[in-house]
**Q** 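Just dropping this structure here.
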Amino acid sequence: MNYSEDILNQIQEFASAFTPISDIALLLDLDCDTLRADIKDYQSKVSIAYRKGKAQSLYTLRRNEIDLAEAGSPQASIAVQRYCSLMEDDEAL
């Protein structure tokens, strides 16, 4: 399905707020199954918009955890170690 730039921007914004695909479809009057299938196609513009929105928010959360770890938070330090492990696992794929 072809999505307008406006719809792609809205999908990215909703994904950045960790909105489930079914809710995004409902809010944008899209067919949920079609949207879900299009997001699974990693080469599609809608998949890129969805994943980019999600990644941007996750980056912000990780950045905040790093800041807290640098300030001495033990819990944040543990979270940062997990993020580092996830990054290394991803590099190994």
Side-chain angles (χ1 to χ4, degrees):
M1 180 174 166
N2 287 328
Y3 297 89
S4 69
E5 285 300 313
D6 183 51
I7 293 291
L8 291 172
N9 290 335
Q10 289 180 53
I11 288 170
Q12 185 171 334
E13 179 65 28
F14 285 133
S16 74
F18 305 121
T19 307
I21 294 171
S22 57
D23 288 350
I24 294 172
L26 183 63
L27 291 166
L28 297 177
D29 294 320
L30 300 171
D31 179 73
C32 184
D33 293 332
T34 301
L35 179 60
R36 194 176 305 281
D38 290 344
I39 289 172
K40 286 181 183 178
D41 175 6
Y42 276 29
Q43 302 304 314
S44 71
K45 288 183 179 183
V46 71
S47 179
I48 293 167
Y50 177 82
R51 291 181 292 116
K52 188 178 282 189
K54 185 175 166 183
Q56 287 170 335
S57 287
L58 289 171
Y59 165 77
T60 299
L61 293 172
R62 287 189 303 269
R63 184 74 251 165
N64 290 340
E65 288 282 2
I66 290 168
D67 292 344
L68 289 171
E70 289 173 347
S73 168
Q75 290 174 323
S77 294
I78 292 168
V80 170
Q81 289 173 355
R82 276 195 321 266
Y83 298 142
C84 189
S85 292
L86 289 171
M87 187 176 184
E88 290 171 353
D89 290 346
D90 191 58
E91 291 167 0
L93 294 176

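Any value given below was found using the heavy atoms of this structure, including those in side chains, with hydrogens, waters and symmetry copies removed.
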**Q** Over all heavy atoms of both residues, which pair between A17 and S57 is shortest? Give the atoms and the distance, please.
**A**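 Scanning both residues completely, I find the closest heavy atoms to be N-OG, 4.4 Å.
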
**Q** Could I get the full list of side-chain contact (heavy atoms from CB on, under 4.5 Å) partners for S4, not counting sequence neighbours?
**A**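 For S4, the residues satisfying side-chain contact (heavy atoms from CB on, under 4.5 Å) (neighbours in sequence not counted) are D6, I7.
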
**Q** Could you grab the distance from atom NZ of K52 to atom NZ of K45, nearest 0.5 Å is fine?
**A**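 Rounded to the nearest 0.5 Å, the NZ-NZ separation comes to 11.5 Å.
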
**Q** Transitive ILVMFWY cluster of L61 at side-chain heavy atoms under 4.5 Å: who else is in it?
**A**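 Via sub-4.5 Å side-chain contacts, L61 links to F18, L58.
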
**Q** Determine whether a donor-acceptor pair (N or O, by modelled atom type, separation under 3.5 Å) exists between the side chain of D90 and the backbone of L86.
**A**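 Checking the backbone N and O of L86 against the side chain of D90, no donor-acceptor pair under 3.5 Å is found.
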
**Q** Donor-acceptor pairs under 3.5 Å, side chain of residues 76-84 to any protein atom, not counting sequence neighbours: which ones?
**A**
| residue | atom | partner | partner atom | Å |
| --- | --- | --- | --- | --- |
| S77 | OG | S73 | O | 3.1 |

**Q** Other hydrophobic cluster members with L68, side-chain heavy atoms of Ile/Leu/Val/Met/Phe/Trp/Tyr under 4.5 Å, chained?
**A**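 None; L68 is a cluster of one.
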
**Q** Quick check on M1: does its CE atom have over 12 non-hydrogen neighbours (other residues, nucleotides or ligands) under 6.0 Å away?
**A**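 Count over threshold, so yes.
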
**Q** Please list all pairs meeting salt bridge (Lys or Arg N to Asp or Glu O under 4.0 Å) that have one or both residues in residues 53-68, counting only residues at least two apart or in different chains.
**A** R63-D67

**Q** Who clusters with I48? Use side-chain heavy atoms, under 4.5 angstrom, across I, L, V, M, F, W and Y, and order the result by chain and number.
**A**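 Besides I48, the hydrophobic cluster comprises nothing; the residue is isolated.
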
**Q** Give the table of side-chain donor-acceptor pairs shorter than 3.5 Å for residues 23-41, with sequence neighbours excluded, one pair per line with atom names and distance.
**A**
| residue | atom | partner | partner atom | Å |
| --- | --- | --- | --- | --- |
| D31 | OD2 | D33 | N | 3.4 |
| D31 | OD2 | T34 | N | 2.8 |
| D31 | OD2 | T34 | OG1 | 2.8 |
| D38 | OD2 | Y3 | OH | 2.5 |
| D41 | OD1 | Q43 | N | 3.1 |

**Q** Looking at E13, I want to see if its CD is surrounded by more than 12 non-hydrogen atoms of other residues, nucleotides or ligands under 6.0 Å.
**A** no

**Q** How long is the straight-line distance from OG of S47 back to CG of L8, given to the nearest 0.5 Å?
**A** 11.0 Å

